[in-house]
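Could you have a look at this structure, given as structure tokens, before my questions?
For reference, positions follow the sequence shown, starting with 1.
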Amino acid sequence: MDLEKHPAAPAPAPAGLRASDADRDRIAQILGDALAEGRLTAEEHSERLDTLYAVKTVGELEVLVRDLPAPGGAHAASPSASASAYAGAVGPAAETIVAVCSSSSRKGRWRPGAHTRAVSVMGDITIDLTQAVFEQQVTEINVTSVLGNVEILVPENVTLRGYGSGVLGNFEVRGESRGETDPQAPVVIVRGFSLLGNIEARPKMGARLVDLAHKLRKHLDG
């Protein structure tokens, strides 16, 4: 008889529970992996990603990935293959950029994490991704601007999406439906709130990024 006590597996969240940011992040990662592995087409990934930020409950989120393997599931890649394919492919830890009555920037050849938080209070922040090295399919930037200015620049072939609002301020994401966007390139999601401030995200003409999804699939096949 095995008398060793094993911790009970956590119960799944009720389907009607309101979805948290962590719930959405988990689903976004599954969708990104599915695109990289060729389980979803670029169009299917784009449609599900749009729905991801529109639905409200955990149950609605789970519908988006019910035909996809969960990380570490029975149909996922073997542990050794998964480790070799994704080691270093999830980006660094989440980063926070703050500017209070000052200025701050990230630009040049840098590695953005899967999650970046930018807070500007009467300050200026520039996040330039045109020469960045993306190590994940989906990169999310959460922005709060109070009497400040935040500018985000991305390569012109990256898919750029925005979900936010402003109160006596401006929240603007340009280039969300441009025909030139490369469906296999990374997705940059900007979520933000502006109070008497300005948040602007746009593609930089002439700056292009290589096909990350193709490189990940090639790594998996190797």
Please find the pair of heavy atoms, one from Ala118 and one from Ile125, that lie closest to each other, and give the distance.
CB-CD1, 4.1 Å
Give, for atom CZ of Arg117 and atom CD of Glu140, the distance between the pair rounded to the nearest 0.5 Å.
11.0 Å
Return the CG to CD1 distance between Leu52 and Ile189, rounded to the nearest 0.5 Å.
7.0 Å
Distance-minimising heavy-atom pair for Gly192 and Phe171
N-CE1, 3.6 Å
Can you find a heavy atom in the side chain of Thr159 that is under 4.5 Å from one in the side chain of Gln137?
no
Find out whether Leu160 and Pro203 are in side-chain contact, i.e. whether some heavy atom of one side chain is under 4.5 Å from a heavy atom of the other.
yes
Are Arg111 and Glu95 within salt-bridge range, i.e. N to O under 4.0 Å?
no
Nearest 0.5 Å please: distance from the OG1 atom of Thr116 over to the CG atom of Leu129.
8.0 Å
Hey, what do you get for CD1 (Ile30) to CZ (Arg66), rounding to the nearest 0.5 Å?
14.0 Å
Are Val146 and Ile97 connected, step by step, through hydrophobic side chains (Ile, Leu, Val, Met, Phe, Trp, Tyr) whose heavy atoms are closer than 4.5 Å?
no
Has Thr51 got a side-chain atom pairing as donor or acceptor with Glu47's backbone, closer than 3.5 angstrom?
yes
Nearest 0.5 Å, please: how far is NZ in Lys204 from CD1 in Ile152?
15.0 Å
If we count only N and O atoms by modelled type, under 3.5 Å, do the side chains of Thr126 and Asp128 hold a donor and an acceptor together?
no
Which distance, rounded to the nearest 0.5 Å, do you find between the CG of Leu195 and the CG of Leu168?
7.0 Å
With a 4.5 Å heavy-atom cut-off, do Tyr163 and Val173 have their side chains touching?
no
Answer whether the closest heavy-atom distance between the side chains of Arg109 and Val133 falls below 4.5 Å.
yes
Non-hydrogen atoms of Ser145 and Gly197 that approach each other most closely
OG-CA, 3.8 Å
Considering all heavy atoms, the nearest Ser194-Gly169 contact
OG-CA, 3.9 Å
Side chains of Leu40 and Leu68 in contact at under 4.5 Å (non-hydrogen atoms):
yes
For a quick test of reading the model, state the closest non-hydrogen atom pair linking Leu61 to Val55 and the distance between them.
CD2-CG2, 3.5 Å
Under 4.0 Å between a Lys/Arg side-chain N and an Asp/Glu carboxylate O for Arg202 and Glu151?
yes
Quick one: closest heavy-atom pair of Pro112 and Gln136, and the distance?
O-NE2, 3.2 Å
Same cluster (ILVMFWY, side-chain, under 4.5 Å), Trp110 and Val150:
yes
Hydrophobic cluster membership, Val119 vs Val100, 4.5 Å side-chain cutoff:
yes
